[in-house]
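Below is one structure, written out as structure tokens, with a few remarks after it.
Residue numbers start at 1 and run along the sequence shown. Order of listing sets the numbers, starting from 1, for every ligand and every atom in it.
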Amino acid sequence: METLVSLCAARGFIYPASEIYGGIAGFWDYGPLGVELKNNLKAFWWRRMVREREDVVGVDTAIISHPRTWEASGHVENFSDPMVDCRVCKRRFRSDQLEGERCPEAPKKRAVTDCDLTEAREFNLMLRTELGASVAESTTAYLRPETCQPIFSGFKRVRESARQKVPFGIAQIGKAFRNEITPRNFTFRSREFEQAEMEFFCHPSEREKWFEFWRAFRLQFHRDLGFDESLLRTRPHAPDELAHYANAADDIEFLFPFGWQEIEGIHDRGDWDLSRHSEYSGKELAVTNEQTKERFTPMCIETSVGIDRTTLALLVAAYTQQEMEDGEERTVMRFHPALAPIKAAVLPLSKKLAEPAKALNARLCGHFNTFYDEAGNIGRRYRRQDEVGTPFCVTYDFDSEDDGCVTVRERDTMNQERVPMEGITHYLRDRLEEAL
Ligand code: GAP
């Protein structure tokens, strides 16, 4: 992890937020390469979950909801971790993660009886803010701890305006916030993060069927990202692990350097959310089957994936050190070509060829994210692109003027091929699309 964290900062994938002030725990910034990688992941999710499906529509809702939302959803009452404070070091810990009564910061030789921990208290994880101009009139509001609640409160509006009938789903990608007590493992547990969630509404008789369907569908999604089978598994939740809204849940887990960890949850939320919002708002959210005239509150199967966790998994899976024939080592980020932040680097063999190479780059950059680089010898420039996972390097050399061709060098195999410049956009597009 340490090597990866350094590479991410050095190459501008991800680095601590507010870095010049010493950082702020649980917050991260994505640099020029990180934002491209994350955007490509989000675009792929949107394509699979919304564009390619007639039964799912997308929304983009406000981060702050009416405060009643979080009473209805159960988060005000239930979204908490049991915490203890250490009176010696003044730090706070999750009591369910302690080994006995010992403070994790205490020196090993200190006796357990000398540790001074408070009783466990429930600590709500929602981040609060105040709305309104004056303190006297302000209202406490929460930054959403999950993106899906406005999907439930907007269920009727979306169903009617999009002319959807149950079974159908509503999807959204957006920021979520949790006041995690122990943010850790790089971006894995952050206080500000992105989720891509889809709430699928179905008849009560079909909930098991749809739970199985979405579990398999989502597992395939992770395989399509290029994750090897050995890095993925699913794990059902034991009854005492279930969130307050869930009747059943399966995690999709990824093998990080710090062990198997959840990257996505598939949840059977039953009719918890629609029923509660109906009760708290006084608005009817049940539907009628037009054929049978049966009136029912739909059941909800949720797929909820962390965009930051999946981005981290992509970085972990892509990172490779390879020894080459000449004995040198190269670092290669083997991103799936469709997810790679830069698709093609345009490199003039010599600075003398800058003008036509820049013209070629100008042609390509309207189609893909490209990068122009004329600094250093060609071998060094290839290595720099390997290290950020660019699948293709396009070199303009002294023959290009005469034969109208460029050399395309492939990242993983390092094979080189002469390709006519005229068809280079199609050539690259075909090779990128082959992949997804
Ligand atoms: N709406 C259901 C829900 O929020 P969750 O299992 O609490 O379920 C879903 O979260 C996903 O969101 C997780 O699988 C994870 O990928 C991501 N996630 C949750 N908390 C996170 C955190 N503190 N930092 C980064 N990602 C997080």
Which protein non-hydrogen atom lies closest to [atom], naming both residue and atom, and how far is it?
{"atom": "atom 13 (C) of ligand 1", "value": "E262 OE2, 3.3 Å"}
{"atom": "atom 25 (C) of ligand 1", "value": "F188 O, 3.1 Å"}
{"atom": "atom 16 (O) of ligand 1", "value": "I263 O, 2.8 Å"}
{"atom": "atom 18 (N) of ligand 1", "value": "F193 CE1, 3.5 Å"}
{"atom": "atom 10 (O) of ligand 1", "value": "Q195 NE2, 3.4 Å"}
{"atom": "atom 15 (C) of ligand 1", "value": "R309 NH1, 3.4 Å"}
{"atom": "atom 9 (C) of ligand 1", "value": "S304 OG, 3.0 Å"}

Check this for me - ligand 1, G306, N or O atoms closer than 3.5 angstrom, yes or no? yes
Stepwise ring pair (Phe, Tyr, Trp, His ring centres under 6.0 Å) test for F186 and W28: CA-CA 9 Å; F186 198 17; W28 298 94; 4.9 Å; yes
Would you please determine whether [X] falls within less than 4.0 Å of ligand 1 on a heavy-atom basis?
{"X": "D308", "answer": "no"}
{"X": "H267", "answer": "yes"}
{"X": "R269", "answer": "yes"}

Salt-bridge contact [X]-[Y] (side-chain N to carboxylate O under 4.0 Å):
{"X": "R235", "Y": "E241", "result": "yes"}
{"X": "D386", "Y": "R409", "result": "yes"}
{"X": "R276", "Y": "D271", "result": "no"}
{"X": "R384", "Y": "D373", "result": "yes"}

Do the ring centers of F168 and F200 come within less than 6.0 Å of each other? no
Numbering as shown, the atoms of ligand 1 that approach S190 to under 4.0 Å (heavy-atom distance): 22 (C), 23 (N), 24 (N), 25 (C)
If the cut-off is 4.0 Å to any non-hydrogen atom of E197, which atoms of ligand 1 fall inside it?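 So the answer, numbered in order with elements, is 1 (N), 2 (C), 3 (C), 4 (O).
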Shortest reach to atom 7 (O) of ligand 1 by a heavy atom, considering only E146, E302, E264, R178: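 Looking at heavy atoms only, the winner is R178.
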Report yes or no: do [X] and [Y] form a side-chain donor-acceptor pair below 3.5 Å?
{"X": "D308", "Y": "Y30", "answer": "yes"}
{"X": "R144", "Y": "T61", "answer": "yes"}
{"X": "H277", "Y": "Q149", "answer": "yes"}
{"X": "D250", "Y": "T234", "answer": "no"}

Using a 4.0 Å heavy-atom cut-off, say whether [X] meets ligand 1 through its side chain, its backbone, both or neither.
{"X": "T147", "result": "neither"}
{"X": "Y245", "result": "side chain"}
{"X": "C148", "result": "side chain"}
{"X": "R191", "result": "neither"}

Would you confirm whether S278, through its side chain, and S275, through its main-chain N or O, come within 3.5 Å as a donor-acceptor pair? no
